Amino acid sequence: MGNREFAALLYEAADLMELQGIDWKPQAYRKAARAIESLERDISDILKQSGRKELQEIPGVGEGIASHIEEFLRSGRVKKFDEVRKSLPPGIGELLELEGLGPKKAALLLKKLRVRGLADLKKALGAGKLRSLEGFGEKSEENLRKALELHERGKERMLLGEALPLAEELLDYLRPHAERLDYAGSLRRMQETIGDIDILAQSGRPSGVMEAFIAFPRVERVLAHGATKSSVLLREGIQVDLRVIPAGSYGAALQYFTGSKEHNVALRAIAAKRGLRLSEYGLFKGEKLLAGRSEEEVYRKLGFPLIPAEMREDRGELAGTKPPELVELRDMRGDLHAHTTFSDGISAVEEMALAAKSKGYEYLAITDHSQAERIARGLSEERLEEQWKELSRVEKRVGIRLLRGAEISIQNDGSLDYPERVLKKLEVTVCSIHSGFKMPKEKMTERILAALDNKYCDILGHPTGRLLNRRAPYEADMQRVFEEAVEERKILELDGHPERLDLSDAHALAARKLGAKFSLSTDSHAAAHLGYMRFAVGQARRGWLTKGDVVNALHLKGLRKVFPRMRD
DNA sequence: GCCGTTTTCGGCCCGACTGTTTTCAGTCG
């Protein structure tokens, strides 16, 4: 533990130093913070097991930051950061969270108007003091007022599951005005949450796309409106940037705006080493354009195959080895986690079966809640048997294999919420934690390990229990959980429900390295939710999973070897 | 503060847009 906390300290220190006019160091801090944040291993483990030298293996971490990490892990604080904090008013960092206000202007506000935080800024705005400052005018006052308002409304990152449909709607709307349209950025990389939506267009009449864009019915405010770039804020609270790109640079621009920033920095460094220059306009040797029309061409000229967008995180995808053949949505043969009206779902068994069938699936596991989940109308033994009759009936009618399954709660002591005589009749079980989230880490870890050791546990459901933007994962030693799962040949779920995406991409990556197998599921509570599979696949691809890592990419025959209680 | 077949010192992405200012600084992505 501690990676996120330490990264947060680095970010804070970077902001404050920038306010003080310190050059470069803030960038270095942020770079290190990003690396530490996305690390699979805990910095405390690294220090304990391998020592300080190993900390410096983290990209962007050198002697200085390594010693700060050591101090932080030892004492929970970093003296140097404390000093920086003390040298500035406590509320000053908040100012930088405002749209359009950066370190230079914030420093000026502090120096000339003694603005020490958001409250001060509000007062200064009210008194009309800002326009007297050099570099400020009426317009900047107005913008700050709006930024302040927006900030107060609270701004969380939007879930992938909300942003993607929104972007698709906008693309459909813009299609008549452009020859080519793509969304780029974190959305294209299928990151679990999205800061803003980036859209690229190629058009013979750029002004036409721009006019249409700012007239999109969901637009609340136009933030910028130029010849090649415009930005709007949608009513849903997310910013959308649109850029119009000429055909000859379209691929380079798509590459550039897809990111990630870290991936691009690494790729540009590789280009630079070869005496080339990569920008959103193309790959250049001197003035000569070598590539730009397509992404593939850009990567090829740099000696790489087309790297899937989901892998572009500078996690080793540019190391030169051939990237793995990532799992695709069309590889999926079934879904192993779905609820029906028997428990807390809103679609009947038959509706679920029909929806699964229409996706071309061979099978669907019906996994309603176990008896203890009263709120979710968990199934008693009798109701479960009733359900099995229904499954047999629908199975014949619809022509899709319905597995007798259950999502079984893992109780506080690690036992499963059905007696053995029931468990052995279930073809597949998803075992999940639904209560007792606040256990100490050691106890929680033991609880999960005990469940994994149960011979009737097949799949560990939403393994960390997190809800994006709402609930932190429970404390558990996930590395040990993954090791045990591999040892006991248990399957890890990658739950594609937009609020869960659990396992996360980083966890999937770590577990895959240990040789784990995965179930990409939707945790559907309605027939339409079966469509969440694309989010599960997106996270799986971010975790470098191949078709071979995913059990429900297997045909029925292969699946039987994974789940021995499955009937013929 | 980090990093290195350009460098152990001197770089560190760079272009679009905005607002305020008559040629540019600040912010953002």
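Convention: sequence-line order gives letters A, B, ...; per-chain numbering from 1. None of these values were measured; they are calculated from a predicted model.
Residue contacts shown for A/Ser279 are absent, as no nucleic acid heavy atom lies under 4.0 Å away. A/Ala227 comes within 4.0 angstrom of sugar-phosphate atoms only, judged by non-hydrogen atoms across all strands, and of no base. Residue-level contact check: A/Val61 touches the backbone only, with heavy atoms under 4.0 Å from sugar-phosphate atoms and none from bases. Within 4.0 Å of A/Asn264, counting heavy atoms only, lies no atom of the nucleic acid at all.
One P atom belongs to B/dT7, the other to B/dC12, and the distance between them is 15 Å to the nearest Å. B/dT21 and B/dG26 have their C1' atoms separated by 13 Å, with the value rounded to a whole Å. For B/dG11 and B/dT6, the C1' atoms lie 11 Å apart once the distance is rounded to whole Å. Taking atom C1' on both B/dC3 and B/dT8, the two are 10 Å apart, rounded to the nearest angstrom. Using atom C1' as the reference point in both B/dT20 and B/dT27, the two lie 14 Å apart (nearest Å). Here the separation of B/dC28 from B/dC13, taken at their C1' atoms, is 13 Å to the nearest Å. Distance noted for atom C1' between B/dT22 and B/dT18: 16 Å (whole Å).
Put simply, A/Asn143 has a side-chain N or O that comes within less than 4.0 Å of OP1 or OP2 on B/dG19. OP1 or OP2 of B/dG4 has not a single side-chain nitrogen or oxygen of A/Lys273 nearer than 4.0 Å.
Per the geometry, CD belonging to A/Gln56 stands 8 Å off P belonging to B/dC2, to the nearest Å. A straight line from CD1 of A/Ile270 to C1' of B/dC13 spans 15 Å, rounded to a whole angstrom. Per the geometry, CZ belonging to A/Phe213 stands 14 Å off C1' belonging to B/dC17, to the nearest Å. Atom CG of A/Leu108 is separated from atom C1' of B/dT20 by 14 Å (rounded to the nearest Å). The interatomic distance linking A/Glu63 (CD) with B/dC3 (P) rounds to 11 Å, in whole Å. Rounded to an integer number of Å, the gap from A/Leu55 CG to B/dC2 P is 12 Å. To the nearest angstrom, P of B/dG15 lies 8 Å from OH of A/Tyr281. Rounded to whole Å, atom C1' of B/dG1 lies 12 Å from atom CH2 of A/Trp24.
Comparing A/Lys31 and A/Lys139 against DNA chain B, the residue whose closest nucleotide sits nearer the 5' end is A/Lys31. Comparing A/Ser140 and A/Ile65 by the nucleotide of DNA chain B whose heavy atom lies nearest to each, the residue mapping closer to the 5' end is A/Ile65.
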Mark up nucleotides 21-29 of chain B, 5' to 3', with B wherever a protein heavy atom is under 4.0 angstrom from a base atom, S wherever such an atom reaches only the sugar-phosphate, and - elsewhere. -----SSSB

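Distances from the side chain of A/Thr228 to the nucleotides B/dC13, B/dT5, B/dC17 place B/dC17 closest. For A/Ala28, the listed nucleotide lying nearest its side chain is B/dG1; candidates were B/dG19, B/dT6, B/dG1.
Using a 4.0 Å cut-off between charged nitrogen and carboxylate oxygen, A/Glu295 and A/Arg188 count as a salt-bridge pair. A/Lys80 has no carboxylate O lying under 4.0 Å from a charged side-chain N of A/Glu71, or vice versa, which leaves the two without a salt bridge. Electrostatic pairing of A/Glu134 and A/Lys112 does not count as a salt bridge here, judged by no charged N lying under 4.0 Å from a carboxylate O.
Between A/Tyr532 and A/Phe535, the ring planes are tilted. Angles from 30° to 60° get that label. Ring geometry, A/His263 versus A/Tyr299: the interplanar angle falls from 30° to 60°, so the pair is classed tilted.
Side chains of A/Glu262 and A/Ser260: a donor on one and an acceptor on the other come within 3.5 Å. No donor-acceptor contact under 3.5 angstrom links the side chains of A/Gln539 and A/Asp502, judged on distance only.
Residue A/Ile43 holds its CD1 atom at 5.0 Å from CD1 of A/Ile69, rounded to the nearest 0.5 Å.
Pairing partner, B/dA25: B/dT18, with both Watson-Crick or wobble hydrogen-bond distances short of 3.5 Å.
Although no hydrogens or angles enter the test, the distance criterion places a donor-acceptor pair under 3.5 Å between the side chain of A/Asp331 and the main chain of A/Glu328.
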